[in-house]
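As C-alpha cells, the structure follows; a few thoughts come after it.
Just so it is clear, the values below take in all heavy atoms, side chains as well, and ignore hydrogens, waters and symmetry mates. Every chain is numbered from 1 and lettered A, B, ... according to where its sequence line falls, protein lines coming before strand lines.
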There are 2 protein chains.
Amino acid sequence: MATQRDIARTAGVSVAVVSAVLNGTTHTRMSEATRARVIQAMENLDYQPNQAARSLRLNRTGMIALILHKLDNPVYTHLLRGVYAAAAERGGTVLLGDAETMRSGSQFVTRLLSHGTVDGILIRDDRLYDDDVMAELRSHPKPILSLDYAQDHPWVSIDDCRAGEIATRFLLNLRHRRIVFIGGATGHAFRQRYLGYQQEMQQAGLEPAPHLATGFGEQAGADGLRQALQLPAAPTAVVVNNIMSAVGVLAAARDLGIAVPDQLSVVGIHDVGLMEHLRPAVTAVRMPMYELGRAGVHGLYELMAGRPCAGGIIANPEPELVVRDSATALADA
Amino acid sequence: MATQRDIARTAGVSVAVVSAVLNGTTHTRMSEATRARVIQAMENLDYQPNQAARSLRLNRTGMIALILHKLDNPVYTHLLRGVYAAAAERGGTVLLGDAETMRSGSQFVTRLLSHGTVDGILIRDDRLYDDDVMAELRSHPKPILSLDYAQDHPWVSIDDCRAGEIATRFLLNLRHRRIVFIGGATGHAFRQRYLGYQQEMQQAGLEPAPHLATGFGEQAGADGLRQALQLPAAPTAVVVNNIMSAVGVLAAARDLGIAVPDQLSVVGIHDVGLMEHLRPAVTAVRMPMYELGRAGVHGLYELMAGRPCAGGIIANPEPELVVRDSATALADA
DNA sequence: CTACGGTGAATTAACGATACGTCACCTAAG
DNA sequence: CTTAGGTGACGTATCGTTAATTCACCGTAG
C-alpha cells in the first residue's frame with residue numbers, strides 16, 4: 001500500500017526523486033546519498049509500484065494478449081513457451097485467452113477492447129472466431145498480429161503447406177500410393193496442409209483423395225478412417241492433419257482390426273510429447289511452434305513501436321519429420 | 001482514443017453525467033433525453049473506457065490471476081472452463097500464468113505483486129513453486145486462494161483421498177489383491193490419493209505397496225510399471241496417480257508384452273477426453289474440476305469482499321468412476 | 001563583487017474516470 | 001408569497017505516477 005509519496009516522505013525527498021530513482025531518469029538528478037536513502041525507504045516500506053497509475057500515465061501497460069483457439073491443445077505447449085519467453089525478454093506480461101472466452105460481448109473481449117488493458121494482441125486462427133468479435137478486434141486501436149496467414153492484418157506463420165508435403169512425400173518414398181488425408185477443422189492452416197498433400201500427390205502422378213472428416217480432435221480421426229475405408233480402393237497410408245486426430249485414427253484402426261503400421265501407415269502433422277508414448281509411437285512432422293511464438297511477440301513489438309512487421313512464413317527451422325513406429329514401407333505390389 | 005471528456009463535449013454535458021450514464025450511478029441524475037444524447041455520442045465516437053484510469057480510481061482492476069503448474073495438462077481443461085465461467089459471471093477477467101513464468105524475479109511475478117494488476121490470485125499446487133515466489137506472493141496485499149489443500153491460506157480442493165479410495169476399491173471388488181500405486185509428483189494432492197489407496201488396502205487386510213515412480217507425466221507411468229514388476233509378487237492391477245502417466249503404463253505394458261486388461265488392470269485418477277480414445281480405453285476417476293474452478297472463483301470473490309471463505313473439500317459432485325476397458329475382474333485364485 | 005554555469009532538488013500539470021458536494025430551477029404545500 | 005423538496009446537472013478533488021519546468025544554492029571565473 002506504500003506509494004511514492006510515502007517513500008518520499010520517509011526519505012525526506014520529493015516524489016519526483018523517487019520516480020527518478022525508480023526509472024533511472026537522467027532528467028531529474030540526485031546525489032548518490034539521496035538515491036541510497038530512497039532505495040532504503042523503498043525496501044523498508046516494501047514499495048510496489050501501482051501498475052494502474054503507470055499505465056494511465058504512460059498510456060502503455062506492458063501486457064500483450066494471446067488468444068488461442070483451444071488452450072488445452074498440446075500443440076500450443078511450445079508456442080506458449082516461446083511467447084512467454086519472448087515477452088519476458090521485452091519486459092512484457094501475457095494475458096492469455098481462449099476461444100471460449102471470445103464470444104462477442106464477453107468480458108474478455110470487452111476488456112481487450114478497452115484502452116489501458118493490453119498494448120497489442122496476438123491471435124491464432126482468427127477464422128475460428130465470430131465475425132462480430134473479429135470486427136470488434138480490428139477496430140481495436142492497438143496492433144494485432146495473427147499467428148496464422150491473414151489477409152487483412154500483419155501475420156507470421158509456420159509453413160503448413162510444407163508440412164503436408166513432408167508427410168506425404170515420406171509416405172510416397174515408402175512406396176505408398178493410396179494415401180488419404182484426414183481431419184483438420186476449418187482454418188487456413190489446415191487447408192494449407194491439405195494443399196501440400198495434394199501437390200505431392202499430383203507431382204507423383206497420383207489422384208489426391210478428398211479431404212475427409214474435416215473436424216477437430218480424436219473423434220475426427222476415427223471418423224476419417226472409417227470414411228476412408230468406404231473409398232473404392234482402401235488406403236494403405238494416412239496423413240493426419242490435426243495431431244490429436246492421430247489418436248482417433250489409431251483407436252479406430254485397433255477397433256477395426258487393422259494393424260498399424262503393418263496394414264496402415266500413419267503420419268501426423270504437429271508433434272507433441274504424447275505421440276512418443278502412444279503404441280505404436282506416432283511418426284509426425286514437428287512444427288517450429290516455439291519459434292512461432294517468439295516471432296509473433298517480436299513482430300508485435302515492432303508493430304507497437306510503429307514500425308512495420310516483416311512477418312511471413314518462418315523458414316528457420318523448417319518443419320521436420322520425426323520418424324517413429326506408425327509408418328512403414330509398403331512391399332512392392 | 002475518445003475519452004469521457006470528448007463524449008461530454010459532443011453531447012453538451014459534463015463528464016460527471018457521462019460517467020453516471022456509464023455506471024448507472026444514481027447519485028448524479030439526468031433526464032432520459034440527456035442519457036440518450038450521451039449514449040449516442042458514445043456510439044458515434046466509439047468510446048471505450050480506459051481500464052487503467054478506472055483501476056486507478058477504483059483501486060480495483062476486475063482481473064484475477066490463475067496460476068497453474070503445467071498449463072498443457074489436460075486435467076486443467078475443465079478447471080479453466082469453470083474459472084472463466086465463474087469469473088465472467090462476476091464480471092471479471094482472468095490473467096493466466098503457469099509455473100514456467102513463476103520464477104522469482106520474473107516479469108509475471110513482479111507484475112502480479114504490483115498494485116493495480118489483479119484483485120486476487122488463484123493458485124494450484126503451490127508447493128511446486130519456489131519458496132521465494134511463495135513468500136513474495138504471500139506478501140501480496142490481495143487475497144490468495146489455493147485450489148489445493150493449504151496450511152497457511154484459504155483453500156478449496158477436490159477430494160483426492162476419496163479418488164484414491166474409489167480407484168482402489170474398484171480393483172478390490174474385481175478381486176485384485178496385488179495392486180500397486182504409481183506416479184504423481186510431490187504435491188499434497190498426490191499424497192492424498194496414495195493415502196486413499198493405503199487406507200483401502202489396509203481395510204481389505206492387504207499390505208499397501210510403496211508409492212512407485214513419484215514423478216509426473218507419461219514417463220513416470222512407464223517407469224512405475226517397470227519398477228512394479230521388480231516387486232517380489234508381480235501386481236495384477238495398477239492405480240495411476242496422474243492420469244497422463246496412464247499413457248506411459250499402457251505403453252510399457254505393450255512393450256513388455258503384458259496384455260491390458262487381461263494380465264494387468266489399470267485405473268487412472270482424473271479423467272480426460274484422451275482416455276476414451278486410447279486402446280484399451282482407460283477406466284478413470286472423474287474429478288469435479290469444473291466445479292473446483294467455480295468454487296475457487298467464488299471463494300476468491302468472497303475474500304476480495306473482505307468476507308471469510310468457507311473453503312474445504314468439494315463434496316458435490318463426488319469423484320466418480322468412469323468404467324471403460326482397462327480393468328477387468330481377476331479370476332478366483 | 002558580480003555574473004554564470006552546474007548541481008540537486010522541489011513544484012506541478014497532466015493521464016482518464018469516479019463520486020462527493022454544490023447549485024440552479026421548478027413545483028407544490030403551508 | 002415564501003419555502004421545502006425534488007429534479008437535472010455541473011465542478012472538482014482524487015487515485016499514483018511521470019516528466020517538464022522551475023528554483024535554490026554553491027563554487028568559480030571575470
| message | Could you check whether A/Glu291 pairs with A/Arg294 (Lys NZ or Arg NE/NH1/NH2 to Asp/Glu carboxylate O, under 4.0 Å)? | response | no
Would you indicate, yes or no, if [N] has its OP1 or OP2 atom less than 4.0 angstrom from a side-chain nitrogen or oxygen of [X]?
X       : N      : answer
A/Ser19 : D/dG16 : no
B/Thr34 : D/dA9  : yes
A/Thr3  : D/dG16 : no

| task | Would you indicate whether the side-chain heavy atoms of B/Met30 and B/Val21 approach each other to under 4.5 Å? | result | yes
| message | Any heavy-atom pair between the side chains of B/Leu95 and B/Phe108 that's under 4.5 Å? | response | yes
Classify the nucleic acid contact of [X] as base, sugar-phosphate or nothing, counting any heavy atom under 4.0 Å across all strands shown.
X       : value
B/Asn23 : sugar-phosphate
B/Val13 : sugar-phosphate
B/Asn50 : sugar-phosphate
B/Ser55 : nothing
A/Arg54 : sugar-phosphate

| field | CG/A/Asp131: more than 12 non-hydrogen atoms of other groups inside 6.0 Å | value | no
Where the side chain of [X] is defined as all heavy atoms beyond and including C-beta, which of [options] is the nearest nucleotide?
X       : options                : value
A/Leu56 : C/dT11, C/dG16, D/dA9  : C/dG16
A/Arg5  : D/dC15, C/dA19, C/dG21 : D/dC15
A/Ser31 : D/dC15, D/dG11, C/dA9  : C/dA9

| note | Taking for B/Leu58 and for B/Thr28 the nucleotide of DNA chain D with the nearest heavy atom, the one nearer the 5' end belongs to B/Thr28
